[in-house]
**Student:** 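One structure, pasted below without further comment.
We name chains A, B, ... by the order of the sequence lines, and we start the count at 1 in each one.
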There are 2 protein chains.
Amino acid sequence: MSAPTIRLAVDAVVFGYDPKDGISVLLIQRKYDPFKGGWAIPGGLVLENENLETAVERELEEETGVKVDYLEQLYTFGELNRDPRNRVVAVAYYGLVKKSDFHLYASTDADDAKWFNWTELPELAFDHVKILETAIERLKGKIRYEPIGFELLDDKFPFSDLHKLYEAILEVDIDRRNFKKKFLQLDILNELDEKISEGKGRPGSLFQFNSDRYFAMKKAGINFEV
Amino acid sequence: MSAPTIRLAVDAVVFGYDPKDGISVLLIQRKYDPFKGGWAIPGGLVLENENLETAVERELEEETGVKVDYLEQLYTFGELNRDPRNRVVAVAYYGLVKKSDFHLYASTDADDAKWFNWTELPELAFDHVKILETAIERLKGKIRYEPIGFELLDDKFPFSDLHKLYEAILEVDIDRRNFKKKFLQLDILNELDEKISEGKGRPGSLFQFNSDRYFAMKKAGINFEV
DNA sequence: TAGTATTATTGTATGTAGTACACAAAATGA
DNA sequence: TCATTTTGTGTACTACATACAATAATACTA
């Protein structure tokens, strides 16, 4: 009996963030059928001598020019007819990037890779809606007990950016003062002497994620939770 | 270019429970090389026209006779050399069963499927140690915010069984009285009139998981957490 | 059958953490 | 200089987690 001819693909849901625009998702416009001209999550077939993560990073780089800061496996989608041509099983990943690192790609409408606000997404090819929903669900869950939010922010950020990020992801209002109190007592942020004024209002201190401290605490069994 | 010949497999970590023996894992003894005679997680190749979950259930049934009550995708393992023969990517699942439903298999030493206490596992084939560790980690995490524990208990159970289950899975001592108080105020258990005496000591009331109520609460956005 | 061991049930006191607020301070712009 | 905006700091109240004790109902045994 010959081996079943099941093709293996990887797909990546990449999230970006901007305090003004909220959460966005990186999509590509398909050049070929099926779904030619339609929007889709970046991805493609895994090569025979390639690790899954390598494949995701390669496809992302090829199709969008983006290199993710954070990448995590999401779920494997294996329904029989998810691809009209062949049996394709897709291992989906989700990634987080600092959008400002890739300004050229993100703002170029002419390119076939584009950021979409996650509340205003176009129709998606294949079962990519389902993949995206799974990724959003995961992001919402994960942000509450892992400090992955910093992958979406600049290295130094005013506290309000972090606050707005959590409100944007969780889609709820969070009391500014209580959030800050709670977050600061986790003791994984460094408050810098620098201040930043963003137009109007009192300027705020800049903060930095203290990842050394976080990993030390995690190792010691102290759990993070927001 | 022909499609890469990557084989796709599914593996299943099946957990069982007994108040006396604690958590156990279902393993099979391999009949063929590689790792002939060694112990492994049940699993096998996915057929071309078969869904992933169907494949897991089929392999489990074929190799162990067990039908799981609860099955969830765990993680996909795709390292290049995880199988010495070919490139095999494995979609791992984990399942929970009421061990008492399969007494025949569980207690038959002669069979090549056997329950092992999760603290006394034999050497495992392939990268199955890693898969098992991932499954244990997931189980420990999931049990705290999803009522999956009931899949391991009989339909009606004394409260002490539930208490011992949580202690066994989380591997910590939990105050009996506080645990009961907390769990009861979640309001997802029915207390029955029946009592059960298990040898010695005061007999306790039997409880039942009220899944209707749980799903109604979940739908209403009320979160479960222990 | 009385006493002992074992397990279940119920309750309370205490501290910590979450929640809902109010007000002062530092900037901008009219 | 006054209104507006945003940040920084504080407080009262409530709810929940934690630690711990006393009583009740069964089995076992002497």
Side-chain angles (χ1 to χ4, degrees), chain A residues 18-22 143-145 147 153-154 156-168 170-208 217 221-226, chain B residues 18-22 143-145 147 153-154 156-168 170-208 217 221-226:
Chain A
D18 187 284
K20 284 184 295 294
D21 309 328
I143 194 95
R144 294 192 47 224
Y145 59 93
L153 297 175
D154 293 330
K156 301 172 180 181
F157 53 87
F159 201 88
S160 58
D161 277 11
L162 187 65
H163 175 231
K164 282 174 205 156
L165 172 64
Y166 273 78
E167 287 193 324
L170 298 174
E171 295 181 296
V172 290
D173 287 337
I174 303 171
D175 185 274
R176 184 176 53 90
R177 299 153 290 189
N178 292 335
F179 180 76
K180 187 170 181 181
K181 197 197 304 174
K182 193 170 176 182
F183 219 108
L184 287 183
Q185 74 191 13
L186 294 174
D187 203 23
I188 56 172
L189 292 185
N190 290 339
E191 184 166 0
L192 307 176
D193 283 336
E194 308 169 56
K195 293 192 186 304
I196 193 173
S197 74
E198 292 184 313
K200 45 191 170 178
R202 175 175 173 172
S205 301
L206 289 178
F207 289 82
Q208 229 174 358
M217 290 175 72
I222 299 171
N223 279 19
F224 163 91
E225 194 172 333
V226 183
Chain B
D18 188 284
K20 284 184 295 294
D21 309 329
I143 193 99
R144 294 192 47 225
Y145 59 92
L153 298 175
D154 292 329
K156 301 173 181 181
F157 53 87
F159 201 87
S160 57
D161 276 11
L162 188 65
H163 176 231
K164 283 176 203 153
L165 172 65
Y166 273 78
E167 287 193 324
L170 298 174
E171 296 182 294
V172 289
D173 288 337
I174 302 171
D175 186 275
R176 191 171 42 89
R177 299 154 289 189
N178 292 335
F179 179 76
K180 186 170 182 180
K181 198 195 305 175
K182 194 170 175 180
F183 218 108
L184 286 184
Q185 73 192 15
L186 293 174
D187 203 21
I188 57 172
L189 291 184
N190 290 339
E191 183 167 1
L192 307 176
D193 283 336
E194 309 170 55
K195 295 192 184 301
I196 193 174
S197 72
E198 291 184 316
K200 45 192 168 177
R202 174 176 174 172
S205 303
L206 290 178
F207 288 83
Q208 229 175 358
M217 290 174 74
I222 299 170
N223 280 19
F224 164 91
E225 194 172 332
V226 184

**Student:** Show the numbers, then the answer: is there a side chain to side chain contact (heavy atoms under 4.5 Å, CB included) between A:Val226 and A:Ile143?
**Tutor:** CA-CA 8 Å; A:Val226 183; A:Ile143 194 95; over 6 Å; no
**Student:** Using only atom types and a distance under 3.5 Å, with no angle test, would you say the side chain of A:His163 pairs donor to acceptor with the backbone of A:Ile174?
**Tutor:**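 Yes: the side chain of A:His163 pairs with the backbone of A:Ile174.
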**Student:** Hey, can you tell me if A:Tyr166 and A:Phe179 have their rings parallel, tilted or perpendicular (30° and 60° cut-offs)?
**Tutor:**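 Plane angle between 30° and 60°, so tilted.
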**Student:** Give a yes/no answer on whether the side chain of B:Ser160 brings an N or O atom under 4.0 Å of OP1 or OP2 in C:dT7.
**Tutor:**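 It does not, given that no N or O in the side chain of B:Ser160 lies less than 4.0 Å from OP1 or OP2 of C:dT7.
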**Student:** Would B:Leu186 and B:Met217 count as a side chain to side chain contact (heavy atoms under 4.5 Å, CB included) here? Give the steps.
**Tutor:** CA-CA 10 Å; B:Leu186 293 174; B:Met217 290 174 74; 5.9 Å; no
**Student:** By nearest atom, which of the nucleotides C:dT6, C:dT9, C:dA27 is closest to the B:Lys200 side chain?
**Tutor:**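 It is C:dT6.
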**Student:** Taking all non-hydrogen atoms of both residues into account, name the closest pair between A:Pro147 and A:Ile188 and its distance.
**Tutor:**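 Scanning both residues completely, I find the closest heavy atoms to be CB-CD1, 4.3 Å.
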**Student:** Which ones in residues 176-189 of chain A lie close to DNA chain D, meaning a heavy atom under 4.0 Å from one of its atoms?
**Tutor:** A:Arg176, A:Arg177, A:Lys180, A:Lys181
**Student:** In whole angstrom, what separates B:Phe157's CZ from C:dA8's P?
**Tutor:** 14 Å
**Student:** So, for A:Pro19 and A:Lys164, which heavy atoms are closest and what is the spacing to 0.1 Å?
**Tutor:**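 Nearest heavy atoms, A:Pro19 then A:Lys164: O-CD, 4.3 Å.
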**Student:** Between A:Glu194, A:Lys156, A:Glu191, which is the residue that forms a side chain to side chain contact (heavy atoms under 4.5 Å, CB included) with A:Gln208?
**Tutor:** A:Lys156
**Student:** Looking at residues at least two apart in the chain, or sitting in another chain, which of them share a ring-ring contact (aromatic ring centres under 6.0 Å, His included) with B:Tyr145?
**Tutor:** none
**Student:** How would you give the extent of chain B contacts on DNA chain D, as first and last nucleotide 5' to 3' within a 4.0 Å heavy-atom cut-off?
**Tutor:** D:dA17 to D:dA27
